[in-house]
Amino acid sequence: MADPILDIRGLSRSFGALKATDDVSLDLRAGEIHALIGPNGAGKSTLIKQISGEIAPDAGEVRLRGRSLAGVDAAGRARLGMARSFQVSSVAPEFTVLQNVVLSAQGASGASFRFFRPVMRDAGLLGTAHDCIAQAGLSGREAVPAAELAHGERRKLEIAMALALRPALFLLDEPMAGMGTEGATALGDLLDGLRHRAPILLVEHDMDAVFRLSDRVSVLVYGRVVATGTPDEIRADPEVQRVYLGEEA
Amino acid sequence: MSTILLIEQLLNGLQSGLMLFLMAAGLTLVFGVMGLINLAHGSLYMVGAFACAGVAAATGSFWLGLAASIAAAAAAGAIVEVAVIRRLYARDHLDQVLATFALILIFSEGTRWLYGSFPLYLNVPPSLSGSVTLPGGIQYSLFRLAIIGAGLAVAVGLFLLIGKTRIGVQVRAGEADREMIAALGVDIRRLYTLVFALGAALAGMAGALVGTIQSVQVGMGEPVLILAFVVIVIGGIGSIKGALVGALLVGLTDTMGRVLLPSIFGLFMETSAATSVGAALASMAIYILMALVLIVKPGGLFGARA
Amino acid sequence: MPEGRGGRMTRAQIVNAALALGLIGFGLGAWAMDETFLVTLATKVAILAIAGAGLNLVLGFGGLVSFGHAAYFGLGGYASGILAHHALNYTAMFEWPFVFEGTTSMPVIWLTAMAVGALAALVIGALSLRTTGVYFIMITLAFGQMIFYFAISWPAYGGEDGLPIYVRNGFPGLNTLDPVQFFGLVCVVLFAMLGLISMLARSRFGLALQAARQNRQRLMAVGIRPGGVLLVAFVISGAITALAGALYADLNRFVSPSMLSWHLSGELLVFLILGGTGRLFAPLAGAGLYIALEHLLGGVSDHWQFFFGLLLLGVVLFARGGVIGFLAGGKRHG
Amino acid sequence: EPVKVGMITTLSGGGASLGIDTRDGFMLAVEKAGNPDLEVHIEDDQRKPEVAVQLSDEMIQSEDVDVLTGIVWSNLAMAVVPGAVRQGKFYLSTNAAPSQLAGKGCHENYFSVSYQNDNLHEAAGQYATDEGFGRMFIMAPNYPAGQDSLSGFKRFYEGEVANEVYTQLGQTDYAAEIAQIRDSGADALFFFLPGGMGISFMKQWAEAGIDMPVVGPAFSFSQDILPAIGEAAVGVKNTAQWSKDIDNEANAAFVAAFEEKYDRLPSLYAAQGYDTARLLLSAMEKADVSDADAFREALRAAEFDSVRGDFAFGPNQHPVQDIYVREVISEEGQLTNKIVATAMEDRGDAYAEECSM
Amino acid sequence: MSALLEVEDLNAAYGASQALFGVSLAVKEGQALALMGRNGMGKTTTIACITRMMAARSGRISFAGHDLGRLPSHKAARLGLGLVPEGRRAFAGLTVRENLIAAARRGAWSFEKVCDLFPRLAERAGQRAETLSGGEQQMLVIGRALMTNPKLLILDEATEGLAPVVRAEIWAAIRALKSQGQSILVVDKSLRELSSVADDCVVLERGRDVWHGPPAALSGDLAQRYLGV
Ligand SMILES: Nc1ncnc2c1ncn2[C@@H]1O[C@H](COP(=O)(O)OP(=O)(O)OP(=O)(O)O)[C@@H](O)[C@H]1O
Ligand SMILES: Nc1ncnc2c1ncn2[C@@H]1O[C@H](COP(=O)(O)OP(=O)(O)OP(=O)(O)O)[C@@H](O)[C@H]1O
Ligand SMILES: CC(C)C[C@H](N)C(=O)O
Ligand SMILES: [Mg+2]
Ligand SMILES: [Mg+2]
C-alpha cells in the first residue's frame, strides 16, 4: 500500500492538568475519507489544530507525504496543501462570498505581495472562485457580504474556501453542523467526489454522514484513540456504543 | 544615597503608583470590562478636582469638598453615559475615540468658561497636614500616607466587587456579549451606567486628592489619562489586580528613574550633561517599561486576552 | 477596497470627486482673490490629508489603530528640518564617508524623509505587531512618546524650542515660496498618494491586508501570514506619513517636538474617523472639516473649543460612518 | 499712516493666563493712548508652534500687518520671529526672548521689550552670591529654557552647587525632588518651574516643611499665579525687572488703571505688554511705519516712560535694565510682591557680543 | 387553554432586505412548537424578533398576556423567555459557573440541578467558557437558559455539534422538561427528534409561514418540499 499522505505520530497536548490529546497516532491515505468521532471535549478539534499548526503539540509529530512539519506554522502548512474548515465558522465577515473565496485562491497561489493589478479582475482567481462557490452550493450569493449570510450558508462558504485552496488534503471540523438535512446530503455528495482529489480527515457528529461516507473511522475518547476500523466495525463496537453512539447504533 | 532617602523615595513611588491606580481602576473597569475607550476619563478627574476646590472654598471644609468631588464626578459620569456613551457600545472603538475626544473639548472649555484660566488651589486639611516620623526616622507627609491607604482600600474593594459579586459577573458577561446578556433578562444598560459612574467617581476622587497636593487647572487630566492607559495596558486590560501592579510599577519606575538615572550617568559623565541625559531617559522610562512588557507579554502582565 | 454594489460606488465616487475638486477649487479661488492665507490653509489641509492617508492604509484597511503616527510625521519633519538646517548654516551633517552639508532640494529631502519613516516603521512595526487590539494602540503610543521625549531633551536640534527653516526648501522648476505653487505641488503629492493607496487596496496585497483586519486566523488558514502583510503596510504607511511631515515642515518653515506629540497622533485618528474610517478620501474629508471648523469657530468665540466639541459629538452620534459615510451611504469598511 | 499690529498670544489651554495678561496690559496702553492710527488684531496661538506660524502667515499675508507681538513662549517665538522679520515686519517681544535671537540670530527688526530669557536667572545667581549662600540646590525642567536657566544662574553664582536636577517638562509631582533637596543639606534652593509646575511644587514644598530659603525667577511668583500657590509662597525671593511697587509715575498710573479696568492686580506679563505698546506708540509719534529705517530708529531710541523707570536698548536691541529681588508678601489679604533689593544694575545680556548688527 | 406566546403577522427586515413576511405562530402553555425550514428561511430572525433582540417592522407579539411590542429585550426576557441562541454565544471570558449564575433567576432550576442534567459542566465549573469544547459550550448555554427559570424555553439549534449520546440526552432532557409542563419553542434540523417532542409545527419558507400542523402530518412529499428530507 502507498505511503499515507498524512501521518500523525504520538501527538500529545495538555491544557494544565487536562490531557486534551494523549499520544494520538493515525494516518490519512490517498483517496479516503477518514472520520474522527468521539464525545464532546474528546480532543478532536485540538487534534485538528495541532495538525493544521495553530497550536503546538507537547510531543509527537505530523508528517505530510513523509516530510515532518515540525517548525512549519499554520500558513506554511496551508501552502503545503492543508485546507481546513473551522468548527465555528471563520470567514472575513465584511468581504463578499466571492472575495472570501478569491482570498483563498490567492493564498493557494502563494503570491500575496503583488501591489498593482486589481485582484478582483484576476481572471485566474475569479475562475477558481466561481467554480468552488458553485460546488459548495452557494451560486447566486456571490455578492452577499459574509456577515449577512444565514448560519448554514456560512458553513457552505467555509467549504468553498477550503476547495479554493486546491489542497492535498482536507481537515474538516464538523462541516455539516448547522447545514440542514438537505445541505448535509449535498455536502456529503460533494465530499464523496472530493476524496479522490484529496483525502479528507472528517470530524463530524452527524452519524448518518459518517457511516455513509467514510472509509475508516477513528474514535477519540478523553484524548486517546480507542478504536479504528471500518464503519461497520465501529458501529458494532460496544465500547463506542456506550461512550459515544448511544442508542443510535 | 542614604537608606532613609531610598526608603522615602520608595514610599513616594508607592504613593504616586496608588494615585495612578485610582485613575487606572476606573479606566480599566470602563475599558476592560465594558469595552469602551474613554478618553474623557481625564475630564472626570478634572471635574472632581474642580468640584472639590469649589466646595472646599465655599464651605471651608476639605472633607465636604472630597465628598462633592466624588458626587460630582459620578453624576457627570452618569450623565455622559446616558447622553452619549450609551449610543456607542455597539460601535467600534474608533467612534468611541472620536466621541470621547469631543467630550474632552467640551469639558475642558466648559470648565474654563466657568472657572477661568487661572488655576485654583486647595489646602491639605489640618488633620492630615504636615509630616509624621515613621519608624527609622523617616519624615513622611501624612496626606501622602493617607493616599496610600485610600488607594489600597479601593483596590481591595474593587477586587471583591468585580471578581466576587454577581454584579461583577454580569458586567463582564456584558462585555463578552452585550446583546446576549440582555436577552437573558439583565438590565445591562442600567448596570453600565452604574459602573461608568463608579469609574467616574474614582477618577473624581483621584482628581480631588491630587488637586490638593498639586494644583487644580483645566487640562490637568490629560497627562494622567495617558499614564493611566499605560498602567492598565502594562497590567492587562480589565484586570483590577493588573491595574494595581501596573500602577505600582509605573509609580516606582518613574520615581526611581528620576532619582537614580542622573546619578548613574553622573558616574561617567560631566554633571550638567549627566543630569540632562538622565532626566531625558527618566521621562522615557515608563514608556520603555511598557514597550518591554508588551514585547515579552503581548497581553500585559495579567491580561486575560491578547 | 471592497467593490460596492450597484449605485453605491458611484455615489461614493461623486463625493470623492467633489472633495478633490473642492480642495483644488478652494485653493485656486483663494489665490484668485488674493487671500494668500486661505491658500496656506488649504495647503495645510492637503498635507494633513497625506499624513492621514498614510495612517488610513494601516487603520482603515489593515485595522491597525496606530496611536503613534506622529512619530513618522515628526521624523519626516525633522529629516527635512535637519537637512535644511545644515544646508542653510553651511555646517557638515556628517563628515564620513564624505562631507555632507545637508540639502534644500525637496526631492532629496522627500526621499530621505520617506526612508527614515519607513525604517522607523519597520522597527516599531516589527516589535508592535506582536500585540493586537488595544495593546497595539498603546505600544505604538509608547514608541511615539519615546521619540517625543528624545526630541525634547536632545539639544543639538533645538530640543523643545524646535528648529526653524528660514527659507522654504526648493523644488526644481518651481518657486515654492509662492503659496499657490507650493499648494499645487502638495496637491499633486496628495492625489498621487491617494491613487497609490487605492491601487494597493485593490491589489492582492490589499485583499490580504483587509482580510487581516477582519480575521487573522482565517488568513493563516489560507496560507497567508498576516504579520508580513501588516508589516509591509505599516512600513509603506510610515513612509507616506513621513513625507507629509517633510511637507509640513516646509509649510511652517519650522519643526518642533509638537509634531511628534501624541496630540498629533490623536488628531490624525480624529481626521480619519471624522471622514469615515476605511474610505479612501476620509483623510481629506476629515482634515478639511476639522481645519475649517477650527478656523471658522476660532473667530467666533474664545470658547470655540466648546462648540467644536459639540459639533464633533454631533457628527459621531448622528452621522454614522463619518462625513463620507453620511454623504455616500453604503457599508463602512472598518 | 495707520499702524497695524498683529498680536499672537496664548489665550486658551494651559498657560492662557500669561497671554491674557499680556493682551490686557497691551490693550490698556492702546486704549489710554486713544490713537486712532493704531489697529490691533489679536489671535490665540493655543501654545502650539504650528498654529502660531499659521497665524503669523495670515497676519502677514492677508492682513498685511506692520508689527507682530505678543508671543509668550520661546519655542513659538523661534517658529515665528525669524520668518516674520525676514519678510520685513517688525517683531516686538512682550515676553519670550530666547538666546538664539539675542546672539547670532539677532535681527534689526527684532526688539525684545521684556528681557533676555537668561536675565532673571542671572539675577537670582547674583542675589544668591550676594546673600552668601554657599551651597545651592538648583532645579529646572529639562528643556532648552530650563537648561538656559540653570546656566544663567551659574553664570553669576559663585558658591558651590550642591545638586543640579532636571525635572520632566509638565511634571506635577515633586515628592522625589523634595526628598532629594531635604537630603542635600543645601543652604538654599533655586528653582525655575514656570506655570502649573511651579504651583504644584510650591504647595508640596510647603507641606514638606523644609526650612530652607527659596529663590527663583519671577515666573513662578508672578501675580497671575500667586493666589493659586497660596500662603506657601510668602517669604520667597524672586527676581524681576518689574514690580508693582517700583516708584515712578508711569508705574503708579499703570497699576491703578489696570486694577480699575480689570479688577485684579497686574502681573509681570501685563507690565511687559503695557511697555511694549507704549514703546510702539512712542515710535509712531516720531516716524511713519512705511519708512522702515526711520521707524526702526524711533524704536531703538525707546523714548517712552517705562513702568520700570529707566529703559534702554543694548546693541542687540534687548533691554539694558535693573533687575530687582522681590519678596512675596501678604498685603490686605492678597498675595503680592515687594522689592527688597536690587540684584543687578543696567544689566544687558550675555549674547550681545555674538550679535553682528 | 390560551396561548402563552402569540405572534401575528410579523414583518422584519435587515436594512433594505426583508426577511420575514407576515409570520404568525402560537405556543400554548405546556406545549412544544417546532419551527422548521431550510437554511436562511427566517427561523432565527423570527426568534430574534420574539426576544426583542431585533425590532420588527410590524406585527404583534404577545407573551403571557403582555404585549412585547416595545419592550427592551431584558424586560421581555424577565417575563419568562429563556433563550438558547444559535451559535452558542457563551460568555467567553467567564467561567462555567459564572456563565450559569450571571443571569440566573429564582426558581426550580439551580446550579446543582443543571449540573445533574449535564455532569460535564460540574467537572469544568472553574474553566473559562472559551476553552470548552463545542459540545460543552452547547450544554453550558442550555444550562444558562434554564437557570433563568423561563416560562418559555427557546432553543435555536441546540443540538448542533453534539455527540449522538449527548444529543440523545438533550432530547431526553427536553422531553423531560416538557413533561414537567415546560413550554418550548424549538428550532432544529432533525425531523425525527423534533417529532418526538413537538405538539405542533410551523414551516417557514423565504420568510413566510407556509405550513402549520402536527409533526405526524409532515412527512413524505411535504417534508421533501419544505425541508428537503
Ligand atoms: N485553550 C484551552 N485551555 C484549556 N482547556 C482547553 C483549551 N482548549 C480545549 N480545551 C479542553 O480540551 C478538551 C478538548 O477540546 P476539543 O475542542 O478538542 O474537543 P472536541 O473533541 O473538538 O469536542 P466537540 O466535539 O465538542 O467540539 C475540552 O475538554 C476542552 O475544554
Ligand atoms: N445580520 C444580517 N444582515 C442581513 N441579512 C441577514 C442577517 N442575518 C440573516 N440575514 C438574512 O435573513 C434571512 C433569514 O436568516 P435566518 O438567520 O433567520 O435564517 P434561518 O432560518 O435561521 O437559517 P439557518 O437554518 O441557516 O440558521 C437569510 O436570507 C439571511 O441571509
Ligand atoms: C513665561 C516664561 C517662563 C516663558 C519662557 N521664557 C519660555 O520661553 O518658555
Ligand atoms: Mg470540536
Ligand atoms: Mg438560524
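Just so it is clear: chains get the letters A, B, ... in the order the sequence lines come, proteins before strands, and each one is counted from 1. Here the structure is a predicted model, which means the values were calculated and not measured.
- At least one side-chain heavy atom of C:M146 sits under 4.5 Å from a side-chain heavy atom of B:I288.
- For chain C, the nearby part of B:F101 is the side chain; its heavy atoms alone come within less than 4.5 Å.
- When the shell of 6.0 Å around CZ of B:R178 is examined, it contains more than 12 heavy atoms from other residues, nucleotides or ligands.
- Of all heavy-atom pairs spanning C:Y135 and B:P298, the tightest one is CG-O, 3.4 Å.
- Using a 4.5 Å cut-off between heavy atoms, B:L88 contacts chain C through its side chain alone, with no backbone atom that close.
- Between C:L312 atom CG and B:T100 atom OG1 the span is 11.0 Å, to the nearest 0.5 Å.
- Residues B:L94 and C:L59 meet the side-chain proximity criterion, which asks for heavy atoms closer than 4.5 Å.
- In this structure, the side chains of C:Y149 and B:S283 come closer than 4.5 Å at one or more pairs of heavy atoms.
- Shown here for B:A102 and C:L313, the closest heavy-atom pair between the two residues is CB-N, 3.7 Å.
- Atom-to-atom distance recorded for C:L311:CG and B:L105:CG is 11.0 Å, nearest 0.5 angstrom.
- In terms of heavy-atom pairs under 4.5 angstrom with chain C, the leader among B:V230, B:V84, B:I226 is B:I226.
- Note that CD1 of B:I106 and NE2 of C:H303 are 14.5 Å apart. Values are rounded to the nearest 0.5 Å.
- In this structure, no portion of C:F148 lies under 4.5 Å from any heavy atom of chain B.
- Here the straight-line distance linking atom CD of B:E109 with atom CH2 of C:W304 works out to 8.0 Å at 0.5 Å rounding.
- In plain terms, the two heavy atoms of C:S153 and B:A280 that are nearest each other are OG-CB, 3.0 Å.
- Under a 3.5 Å cut-off, the side chain of C:R130 and the backbone N or O of B:I295 do form a donor-acceptor pair.
- A heavy-atom distance below 4.5 Å is not found between the side chains of B:M284 and C:Q145.
- In this structure, the portion of C:F307 lying under 4.5 Å from any heavy atom of chain B is its side chain and not its backbone.
- Interface remark: B:V277 contributes no atoms to any contact with chain C (heavy atom separation under 4.5 Å).
- Looking at heavy atoms from C-beta onward, C:I137 lies out of side-chain contact with B:V233 at the 4.5 angstrom threshold.
- A distance of 8.0 Å separates CZ of C:F67 from CZ of B:F229, quoted to the nearest 0.5 Å.
- Ranked by heavy-atom pairs shorter than 4.5 Å toward chain B, the options C:I273, C:V65, C:I147, C:T131 are led by C:I273.
- Comparing C:V134, C:L310, C:L141 by how many heavy-atom pairs each has under 4.5 Å with chain B, the most go to C:V134.
- By the neighbour-count criterion of 12 heavy atoms within 6.0 Å, atom OH of C:Y157 is densely surrounded, having more than that number from other residues, nucleotides or ligands.
- Taking the six-membered ring where the residue is Trp, the centroids of B:Y287 and C:W262 are separated by 6.0 Å or more.
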